[in-house]
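Each remark here refers to the structure printed beneath this line.
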Amino acid sequence: MNRNEFARRRRHLLRMMGEGSIAILPAKPVCKRNRDNEYPYRPDSDFWYLTGFPEPEAVLVLVPGRKHGEYILFCRERDAQMERWSGSVAGQEGAVEQYGADDSFPIADIDDILPGLLENRNQVYYTMGRERGFDQQLIGWINRLRGKARAGVHVPDNIIALDHLLHEMRLFKSAAEIKLMRQAAQVSAQAHCRAMKACRPGLYEYQIEAELLHEFVCNGCRSPAYSSIVAGGKNACILHYTDNRDRLKNNDLLLIDAGAEYQNYASDITRTFPVNGKFRRPQKALYNVVLAAQQAAIEQIRPGNHWNDPHEAAVQVITGGLAKLGLLKGKVSTLIKKEAYKTFFMHRTGHWLGMDVHDVGEYKVGNSWRVLEPGMVMTVEPGIYIPPGSKGVDKKWWNIGIRIEDDILVTKSGCEVLTAGVPRTVEEIEALMRSPES
Ligand code: GLY
Ligand code: MN
Ligand code: MN
């Protein structure tokens, strides 16, 4: 992403913060996997959004109106010996020249420098409770200033969560962000097609996971955006199933919920298809209910409609469909009022999508559902889940878990499905699984 994009975001935030304030945002620490071995480092999304700075041990400080520069970046000092082992670091010079900081100091000096930056500020924008160690450090700096109150130093009165301003910004995706999300979506769509073609009875779920990962990594997406769910048969009824260890059975469905992350932007796709390439009759009947629910939900996505409109549409279609198939009994309007559908469809129809798979942004403003606006990106993912042993449910429906999930951008005139590159209908899926190269 272009450097100007990060600069534009910081300018926007600085304007909203106003004079007399300061914002402080630490990078996420490295996380140990086991002795001497770390998880791959993935920057905190808020920190990345404002800096594009990829290193840990860094702190962003924004001070509107500061004469010597409004954007200060604390980061590691360069060290030739260390860099032989772990690769190059930007250092203070790099922070200024490559990352556009106005001023940069070694992270080791933060205790000496930050209290001075806090002096005479009225409010501190900082989100408590995320980095416990850093919370303590900040409280320590403020207490130190209190000791200087008699010398006329003004101590900030308010600590305000930075989240409110920042997450509102992140909810609206810029053209540059949409480009990255499109790429993540396209790679994920290819991966799902690859998985459909590779699928055979007798394979293990992790072998299908390997197909997905292969497509992600080969296309520059080094990590999935979340742990992939590859769930055959009854496993699909466990909503967060990630063991991916069972053998795929003939006549079962396979539910795959997997999305690539591209340059820190997520995609999130679910497809459900027959392990042997051909839907059985009950599977097809339920699949078409979920598909119709998803279609009805997507049709509700346009500026002016509210966040819950797609969910309400999905609930309507799923309840109607379950009633028609005899899985629910009674009048559809009563079943909806009593939330009877929740036995089979117990989650929401979607969430915001962005750098985080469950992205930031409020779903309500005051007591009202949020009105949709261009630039928002959301998922639409209705489902029906019928685990084995479901009471009062004919056995022919057992072991069926179906979800269909796509990523949708709200546009000026309606919406665009970013993940359209992977088949959705019964006919399209069966045709792809039959195709000669599969
Ligand atoms: N993969 C997480 C979700 O669908 O919400
Ligand atoms: Mn999702
Ligand atoms: Mn998902």
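Just so you know, ligand 1 is whichever comes first in the structure, and atom 1 is the first atom listed for that ligand.
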Take atom CZ of Arg222 as the centre, draw a 6.0 Å sphere, and report whether it contains more than 12 heavy atoms from other residues, nucleotides or ligands.
->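 Open: at most 12 neighbouring heavy atoms sit under 6.0 Å from CZ of Arg222.
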Assess whether atom NE2 of His164 is packed by more than 12 heavy atoms of other residues, nucleotides or ligands within 6.0 Å.
->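 No - once you tally the heavy atoms of other residues, nucleotides and ligands closer than 6.0 Å, there are 12 at most.
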Any residue meeting side chain to side chain donor-acceptor pair (under 3.5 Å) with Lys342, in chain and number order, not counting sequence neighbours |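 Only Glu339 meet the side chain to side chain donor-acceptor pair (under 3.5 Å) criterion with Lys342.
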Shortest protein contact, atom 5 (O) of ligand 1 (heavy atom only) |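 Nearest neighbour among protein heavy atoms for atom 5 (O) of ligand 1, to 0.1 Å: His358 NE2, 2.6 Å.
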Name the closest protein heavy atom to atom 3 (C) of ligand 1, giving the residue it belongs to and the distance to 0.1 Å.
->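 Sorting protein heavy atoms by distance from atom 3 (C) of ligand 1 puts Asp268 OD2, 3.4 Å first.
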Per-atom contacts, ligand 1 versus Glu405 - under 4.0 Å to a heavy atom =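 Once the distances to Glu405 are compared, the set is 4 (O).
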Of all the atoms in ligand 1, which lie at a distance below 4.0 Å from a heavy atom belonging to Tyr226?
->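 Those atoms are 1 (N).
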Does [X] come within less than 4.0 Å of [Y], counting only side-chain N to carboxylate O?
X	Y	value
Arg194	Glu215	yes
Glu205	Arg245	no
Asp309	Arg302	no

Tell me, which protein N/O/S atoms are under 2.8 Å away from the Mn ion (ligand 2)?
->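 Listed by chain and number, the nearby protein N, O or S atoms are Asp268 OD2, His351 NE2, Glu381 OE2, Glu405 OE2.
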Arg9 side chain to Tyr49 backbone, donor-acceptor under 3.5 Å =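 Here the side-chain-to-backbone pair exists.
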Non-hydrogen atom of Asp257 closer than 4.0 Å to ligand 1 |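 Contact present.
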Cys199 vs Leu254, side chain to side chain contact (heavy atoms under 4.5 Å, CB included): CA-CA, chis, key distance, verdict | CA-CA 9 Å; Cys199 190; Leu254 174 60; 3.9 Å; yes
Yes or no on side chain to side chain donor-acceptor pair (under 3.5 Å) for Thr242 and Ser227, after CA distance, side-chain angles and deciding distance?
-> CA-CA 7 Å; Thr242 50; Ser227 301; 5.5 Å; no
Check: Arg403 N/O within less than 3.5 Å of ligand 1 N/O |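 No, there is no polar N/O contact under 3.5 Å.
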